[in-house]
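Because the structure is a prediction, the values reported are computed rather than measured.
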Amino acid sequence: MKGLYFQRNSTNEEITFVFQERENLPVTEDNYVKLQVKACALSQINTKLLAEMKMEKDFFPVGREIAGIVLDVGNKVSFFQPDDEVVGILPLDSEDPGLCEVVRVHEHYLVHKPEKVTWTEAAGTIRDGVRAYTALHYLSHLSPGKSVLIMDGASALGTIAIQLAHHRGAKVISTACSPEDKQYLERLRPSIARVIDVWNGKAHIAESCLEETGGLGVDIVLDAGVRLYSKDDELTVKLQLLPHKHDIITLLGVGGHWITTEENLQLDPPDSHCLFLKGATVAFLNDEVWNLSNAQQGKYLCILKDVMEKLSTGVFRPQLDEPIPLYEAKVSMEVVQKNQGRKKQVVQF
């Protein structure tokens, strides 16, 4: 039985994906569940976080968002039994790669998969659903009538965040990074209040948001990265599509919430003073925040269950690519790791 792993080269900058033969899984005991994987979604690996958490190994397992059928349960498992259909996210320190036919996982990382939800939909939505919930529910307390700016709305996370914001009764503004993205966003229903073109460099994001909100500014911003500096000659094409931090601070309304994915955000004293005058807050969207706090396990399971419920009722309609077989996972992960894909990639077994 083979599984996909990655290893770092000597410079610690690039990683290589390799298939490795796996030893037989240990006997399923205590709170562990043995799972036959039916689908596994692909996401970027945060190698920097793994290094900070001292989780470096020669070969690190790849693939964490999984859906599958329970084969066996330990003697202390209380939520599942053989033949149950489940979905979940493997923990950071998992010994097993999700990109493998059979894995062993603690029951507290799994929830039941609704019958009408497909394997690929379940695996392809669970992580972005958790991220959207964390950003809009726990970090910014989204409520009906609020205005929300979701950057790069045509991305996998952006799509789910837009759908969650609409479901909560918010007014949604979004940015499009290409003409194709703009067409996709304009076709979404319920419709988005305004789609801001950022690929041609003509639209000013702060002016557009202030115009759309009557000068009040938006209540919540979920970014997809920000520019920290203004030296145009140093910007790559990708960075040129990102808003400058000053633009986000300008477009925030009084009491606004800025949810950022930029882990190295730097705010100068004038930036902080402007946020102070607005009574605004900045929060960091850490994908692994629930994994790093065992005390929050109950909340985490509630989020997983709610994501699956909204997927089964059609609130969430993920943007998935065509499923791929396991033997193509190595090449697909190389693309995902370079952040070159748009739709969510899912391996189907």
Side-chain angles (χ1 to χ4, degrees), residues 43-44 121 124-125 128-129 131-132 135-136 142 146-227 232 235-248 250-253 256 258-262 285 314-322 335-336 338-346:
S43 293
Q44 264 190 312
E121 286 174 340
T125 308
D128 290 316
R131 295 176 75 198
L136 298 180
L142 178 67
K146 296 283 187 181
S147 56
V148 185
L149 170 62
I150 296 173
M151 306 287 192
D152 195 8
S155 66
L157 170 61
T159 296
I160 296 297
I162 287 170
Q163 291 162 357
L164 179 59
H166 273 146
H167 180 70
R168 294 283 176 87
K171 175 182 181 178
V172 178
I173 304 168
S174 189
T175 61
C177 299
S178 69
E180 294 77 18
D181 286 356
K182 183 179 182 182
Q183 289 177 0
Y184 168 77
L185 291 171
E186 289 178 339
R187 289 196 304 265
L188 288 179
R189 294 293 179 270
S191 58
I192 295 173
R194 177 178 291 203
V195 178
I196 304 170
D197 311 336
V198 295
W199 76 85
N200 56 20
K202 295 178 181 179
H204 193 282
I205 191 167
E207 288 179 3
S208 298
C209 289
L210 290 171
E211 181 181 302
E212 186 63 39
T213 58
L216 297 176
V218 300
D219 299 305
I220 299 168
V221 176
L222 172 56
D223 73 33
V226 293
R227 275 192 288 134
D232 294 336
L235 296 180
T236 63
V237 173
K238 182 181 175 184
L239 280 174
Q240 287 174 0
L241 297 177
L242 297 178
H244 193 279
K245 60 181 178 179
H246 297 149
D247 292 332
I248 295 182
T250 299
L251 63 83
L252 268 178
W258 174 11
I259 314 302
T260 183
T261 58
E262 176 54 66
L285 180 57
V315 173
F316 288 159
R317 302 174 303 284
Q319 201 182 177
L320 305 178
D321 217 333
E322 288 297 316
V335 174
V336 170
K338 294 174 183 175
N339 200 23
Q340 293 176 339
R342 292 297 287 161
K343 296 181 179 180
K344 195 76 171 179
Q345 290 269 11
V346 182

| Stepwise side-chain contact (heavy atoms from CB on, under 4.5 Å) check, Thr261 with Asp223 | CA-CA 6 Å; Thr261 58; Asp223 73 33; 3.0 Å; yes
| field | Thr260 versus Glu262, side-chain donor and acceptor atoms under 3.5 Å | value | no
| message | I'd like to check Thr250 versus Glu207 (side-chain heavy atoms, cut-off strictly below 4.5 Å). Are they in contact? | response | no
| request: Measure the CD1-CD1 distance between Ile259 and Ile150 for me, rounded to the nearest 0.5 Å. | output: 11.0 Å
| request: Could I get the full list of salt bridge (charged side-chain N to carboxylate O under 4.0 Å, His left out) partners for Asp181, not counting sequence neighbours? | output: Arg342
| Distance from Ile162 atom CD1 to Leu188 atom CG, nearest 0.5 Å? | 6.0 Å
| remark: CG (Asp197) and CD1 (Ile205) are apart, to the nearest 0.5 Å, by 11.0 Å
| Atom NE2 in His166, atom CZ in Arg189: separation rounded to 0.5 Å? | 10.0 Å
| message | A side-chain contact here means heavy atoms from C-beta on lying under 4.5 Å apart; do Arg317 and Thr159 qualify? | response | no
| query | Quick one: are Ile196 and Glu212 in side-chain contact, heavy atoms under 4.5 Å? | reply | no
| note | Here the gap from Ile173 atom CD1 to Arg194 atom CZ, rounded to the nearest 0.5 Å, amounts to 7.5 Å
| remark: In Val148, Ile248, Asp247, the residue satisfying side-chain contact (heavy atoms from CB on, under 4.5 Å) with Val221 is Ile248
| query | Under the side-chain contact (heavy atoms from CB on, under 4.5 Å) criterion, do Leu242 and Val226 qualify, and how do the steps go? | reply | CA-CA 5 Å; Leu242 297 178; Val226 293; 5.7 Å; no
| message | When you compare the side chain of Ile160 with that of Pro318, does any pair of heavy atoms fall below 4.5 Å? | response | yes
| field | Main-chain N/O of Asp152 paired with Thr175 side-chain donor or acceptor, under 3.5 Å | value | yes
| message | I need the Thr213 OG1 to Leu149 CG distance, nearest 0.5 Å. | response | 10.0 Å
| query | Would you say Asp128 and Lys344 make side-chain contact, with heavy atoms under 4.5 Å? | reply | yes
